[in-house]
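Reading through the structure tokens given below for one structure.
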Amino acid sequence: MRYYLRKMRSKKAVSSILGTILIISITLALGGLLYGYSKGLFGNLSTNEDLTTNFQLQVTPAGSYLLYSLKDDGNVALHLEYIVLNGSNLPKPYKININETLQPGQQIQNVTWIPGTLVSGNYYTVIVYAILQNGQIYDTISSVLAAS
């Protein structure tokens, strides 16, 4: 009986291997919580450039028109520079100056007369050029069908 009592007194409550595993598990769990908290806290500090575009090319007997709608769906302001319209039957790309700053959530719409002859049923390339607050160039390209 004394032998068993002595042996019970010398046993540890948690073995060293089990203790190491517990410490590592707790450290990993706390690190995961800290990572999740920091992503939630700093996630909205990243920039997101997103320009939603909608174009229509109308061909009428009086002339051709580009109807456009541009909306800043990102979280940074975009300074819209110009729109370029290009197609196979245009003698050269046609440039439409905009020179307007769109704040996040803001939208502009406009109708612009296009010189030259657009052909109904042909596709034309429309490129929007903008400049971000940090000076980088942002562009978006769309293929638009001319309709009468």
Side-chain angles (χ1 to χ4, degrees), residues 8 10-148:
M8 293 284 281
S10 67
K11 282 191 173 188
K12 298 178 182 175
V14 179
S15 69
S16 60
I17 294 174
L18 189 56
T20 304
I21 291 172
L22 275 171
I23 289 174
I24 290 173
S25 300
I26 291 170
T27 304
L28 289 175
L30 289 175
L33 288 173
L34 183 63
Y35 175 77
Y37 175 74
S38 66
K39 287 304 258 184
L41 181 64
F42 302 116
N44 61 353
L45 295 178
S46 63
T47 61
N48 178 20
E49 306 88 18
D50 187 17
L51 184 65
T52 302
T53 60
N54 184 14
F55 300 105
Q56 293 179 7
L57 281 170
Q58 294 291 321
V59 179
T60 66
S64 301
Y65 300 92
L66 174 66
L67 295 81
Y68 62 89
S69 172
L70 307 171
K71 183 177 181 187
D72 186 353
D73 283 329
N75 63 1
V76 293
L78 295 170
H79 182 76
L80 301 172
E81 293 289 314
Y82 51 88
I83 296 174
V84 173
L85 176 67
N86 197 2
S88 60
N89 62 326
L90 289 175
K92 63 179 185 173
Y94 183 68
K95 183 177 174 181
I96 302 166
N97 290 317
I98 300 175
N99 196 22
E100 189 170 330
T101 300
L102 275 183
Q103 298 299 327
Q106 195 175 20
Q107 179 177 358
I108 63 167
Q109 296 177 344
N110 203 352
V111 177
T112 303
W113 177 73
I114 306 295
T117 306
L118 297 184
V119 177
S120 182
N122 282 4
Y123 280 93
Y124 294 87
T125 304
V126 180
I127 308 171
V128 179
Y129 291 95
I131 297 179
L132 302 175
Q133 292 172 339
N134 61 7
Q136 289 183 332
I137 295 175
Y138 175 86
D139 62 356
T140 179
I141 301 172
S142 301
S143 183
V144 181
L145 178 66
S148 48

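These figures come from a predicted structure and were not determined experimentally.
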If we only count heavy atoms from C-beta on, is the [X] to [Y] side-chain gap below 4.5 Å?
| X | Y | answer |
| --- | --- | --- |
| Ile96 | Ile114 | yes |
| Val59 | Val119 | no |
| Asn134 | Val76 | no |
| Ile83 | Phe55 | yes |

Can you measure from [atom1] ([X]) to [atom2] ([Y]) and round to the nearest 0.5 angstrom?
| X | Y | atom1 | atom2 | result |
| --- | --- | --- | --- | --- |
| Ile26 | Ile21 | CD1 | CD1 | 12.0 Å |
| Leu80 | Leu102 | CG | CG | 4.5 Å |
| Asp73 | Gln107 | CG | CD | 8.5 Å |
| Leu78 | Gln133 | CG | CD | 8.5 Å |
| Thr52 | Leu70 | OG1 | CG | 9.5 Å |
| Tyr124 | Asn86 | OH | CG | 10.5 Å |

Nearest heavy atoms of [X] and [Y], plus distance in Å:
| X | Y | answer |
| --- | --- | --- |
| Gln106 | Thr101 | OE1-O, 3.6 Å |
| Gly105 | Lys71 | O-CE, 3.8 Å |
| Leu51 | Tyr138 | N-OH, 3.3 Å |
| Pro104 | Asn75 | CG-C, 3.6 Å |
| Leu132 | Glu49 | CD2-CG, 3.4 Å |

Taking Ser148 for the side chain and Ser120 for the main chain, is one N or O donor matched with an acceptor at less than 3.5 Å?
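Side chain of Ser148 to backbone of Ser120: no pair is present.
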I'd like to know whether CD1 of Ile17 has more than 12 heavy-atom contacts from other residues, nucleotides or ligands below 6.0 angstrom.
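No - once you tally the heavy atoms of other residues, nucleotides and ligands closer than 6.0 Å, there are 12 at most.
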Atom CG of residue position Leu28 - does it have more than 12 heavy atoms of other residues, nucleotides or ligands inside 6.0 Å?
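Enclosed: over 12 neighbouring heavy atoms sit under 6.0 Å from CG of Leu28.
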Contacts of type ring pair (Phe, Tyr, Trp, His ring centres under 6.0 Å), residue Tyr123, not counting sequence neighbours:
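Not a single residue meets the ring pair (Phe, Tyr, Trp, His ring centres under 6.0 Å) criterion with Tyr123.
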Not counting sequence neighbours, which residues clear salt bridge (charged side-chain N to carboxylate O under 4.0 Å, His left out) with Asp50? List them please.
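In terms of salt bridge (charged side-chain N to carboxylate O under 4.0 Å, His left out), with neighbours along the sequence ignored, Asp50 is linked to no residue.
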side-chain contact (heavy atoms from CB on, under 4.5 Å) partner of Tyr68, chosen from Asn54, Leu85, Ile98:
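Passing option: Ile98.
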Starting from the C-alpha separation in whole Å, work towards a yes-or-no answer on side-chain contact (heavy atoms from CB on, under 4.5 Å) for Leu118 and Leu90.
CA-CA 7 Å; Leu118 297 184; Leu90 289 175; 3.7 Å; yes
